[in-house]
Number of protein chains: 2
Amino acid sequence: MILDSETKAVELPEHHGDELRLWLRLLTCTTLIEGEVRSRLRERFDVTLPRFDLMAQLDKVPEGMTLSDVSKRMMVSNGNVTGLVERLVESGHLDRRTSDADRRVQVIRLTKAGRAEFRKMATEHELWIADIFGDLTPKDVRELMRLLAKTKASAQKSAKARTT
Amino acid sequence: MILDSETKAVELPEHHGDELRLWLRLLTCTTLIEGEVRSRLRERFDVTLPRFDLMAQLDKVPEGMTLSDVSKRMMVSNGNVTGLVERLVESGHLDRRTSDADRRVQVIRLTKAGRAEFRKMATEHELWIADIFGDLTPKDVRELMRLLAKTKASAQKSAKARTT
DNA sequence: GCCAATTACTTGAAACCTAAAGAAATCTGG
DNA sequence: CCAGATTTCTTTAGGTTTCAAGTAATTGGC
């Protein structure tokens, strides 16, 4: 118990160390796994993680997406996407065309070659992830999913409150 | 049930989608929170997250650390630390000196001004984190800590197995 | 129709980051 | 002692990333 100079009980300062430790642990886990995936992608396919991530987004939507869509989904800036797409178009993985309906909009899709290469990578990638999380039981996985969903909601709420 | 061409029961292919979804959710959570912290640091103190992280490491060890120590703790490359430190020395936050015992080694410490500025930032930062995780109960926090510890161990095991 | 606001994307500057190669100092087994 | 291996840090090249400012196209109110 903390006592002030007059020896009266005072309010304990709010103790937030637990949340901070949780955040650091969350960050450590993610950094660790991300680094591992990055290494394997480079080693096995000579591809960078951002490129893989972008292709993964596009693989889910065969009809293509706009740059803004990609930017929101990947949670990175617009300018970043522009450069990333530029290099993937250059290397033949992506097809980019201006929308007929709105000439500001660029629609990008995987090319046939890009899709084939991505699928090859994705198959192995999924095995890596399974191996990396291999010591978790199905129950652990479910419980983590639940708690992370709650965390995400809490963080979104906090972020929204700040910008309002 | 999947049946092969001769209508015999065959082994179901291993199903790893759950782990992949877990990984994506983990990544989303971290990216979301990291972005939020980054925004607040910039907005409130005009400082970048990597700089804050480096100062946080140094604050824990008043006698200073070597660049390799920092590199390991932050899980970033050596070359990255060199540049980061360079800029923080330049701005007067860090003190850098060559070790007497081993002239390859650079020991860096927070300057008095650097420490004062960091402490100011750290106080607010802790409140932000508490707010971001605000909807989690103490039990949620404990449970997440436990599961993430398990995840970290699993990932480290997997990473070690790969490089062996 | 017209103009202001908005939206979609690009550009530019600075910082961050990795991987790989290199330089300097130290360590180690003859 | 000393040559080779190792460790610590820097450098270089190529990407990635953010933020802010800018351009072009569309939308909406009047």
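Values reported hereafter were calculated over all heavy atoms of this structure, with side chains retained and with hydrogens, waters and symmetry mates removed. Note on naming: letters A, B, ... go to the chains in the order of the sequence lines (proteins, then strands), and numbering restarts at 1 for each one.
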B:Leu88 CG to C:dA15 P, straight-line distance once rounded to whole Å: 11 Å
Side-chain H-bond candidate by donor/acceptor type, B:Thr98 with B:Gln106, under 3.5 Å: yes
Any B:Thr48 side-chain nitrogen or oxygen under 4.0 Å from OP1 or OP2 of D:dT18: no
N or O in side chain of B:Ser68 less than 4.0 angstrom from D:dC9 OP1/OP2: yes
Position toward the 5' end of DNA chain C (nearest nucleotide), A:Leu67 or B:Ser77: A:Leu67
Closest contact, heavy atoms only, B:Asp95 versus B:Thr111: N-CG2, 3.8 Å
Nearest-Å distance for atom pair CG/P, residues A:Asp69 and C:dT7: 14 Å
What's touching nucleotides 2-7 of chain D from the protein side, N or O pairs under 3.5 Å?
| from | atom 1 | to | atom 2 | distance (Å) |
| --- | --- | --- | --- | --- |
| D:dT7 | O2 | B:Arg104 | NH1 | 2.5 |

Separation of atom CE in A:Met55 from atom C1' in D:dT16, rounded to whole Å: 17 Å
d(CG, B:Leu49; C1', C:dC16) in whole Å: 11 Å
Sugar-phosphate only, base, or nothing, as touched by B:Met75 at under 4.0 Å among non-hydrogen atoms: sugar-phosphate
side-chain N/O B:Arg103 vs D:dC9 OP1/OP2, d < 4.0 Å: no
Salt-bridge contact B:Arg44-B:Glu124 (side-chain N to carboxylate O under 4.0 Å): yes
Closest non-hydrogen atom pair between A:Leu58 and A:Ile108, with its separation: CD2-O, 3.6 Å
Criterion salt bridge (charged side-chain N to carboxylate O under 4.0 Å, His left out) on A:Arg115 and A:Asp59, from CA distance to verdict: CA-CA 7 Å; A:Arg115 183 172 305 276; A:Asp59 186 59; 3.0 Å; yes
Full working for salt bridge (charged side-chain N to carboxylate O under 4.0 Å, His left out) between B:Lys139 and B:Glu143: CA-CA 6 Å; B:Lys139 188 184 166 194; B:Glu143 193 61 4; over 6 Å; no
Length of the line joining A:Glu86:CD and D:dG15:C1', which is rounded to integer Å: 14 Å
Distance, rounded to the nearest Å, where B:Gln106 contributes CD and D:dT11 contributes P: 11 Å
Criterion salt bridge (charged side-chain N to carboxylate O under 4.0 Å, His left out) on A:Arg40 and A:Glu36, from CA distance to verdict: CA-CA 6 Å; A:Arg40 297 199 199 201; A:Glu36 184 61 18; 2.9 Å; yes
Length of the CG-C1' vector between A:Asn78 and D:dC19, whole Å: 12 Å
Nearest-nucleotide comparison on DNA chain C, the residue closer to the 5′ end among B:Leu84 and A:Asn80: A:Asn80
Atom pair CG (B:Asn80) and CE (B:Met75), whose distance is rounded to the nearest 0.5 Å: 13.0 Å
A:Arg96 side-chain N/O to C:dT10 phosphate OP1/OP2 under 4.0 Å: yes
Of the listed nucleotides C:dA15, C:dC9, D:dT18, the one nearest the side chain of B:Arg51: C:dA15
Sugar-phosphate only, base, or nothing, as touched by A:Ser71 at under 4.0 Å among non-hydrogen atoms: nothing
Short side-chain N/O contact from B:Thr82 to OP1 or OP2 of D:dT11, under 4.0 Å: no
Separation of atom CD in A:Glu34 from atom P in C:dT18, rounded to whole Å: 10 Å
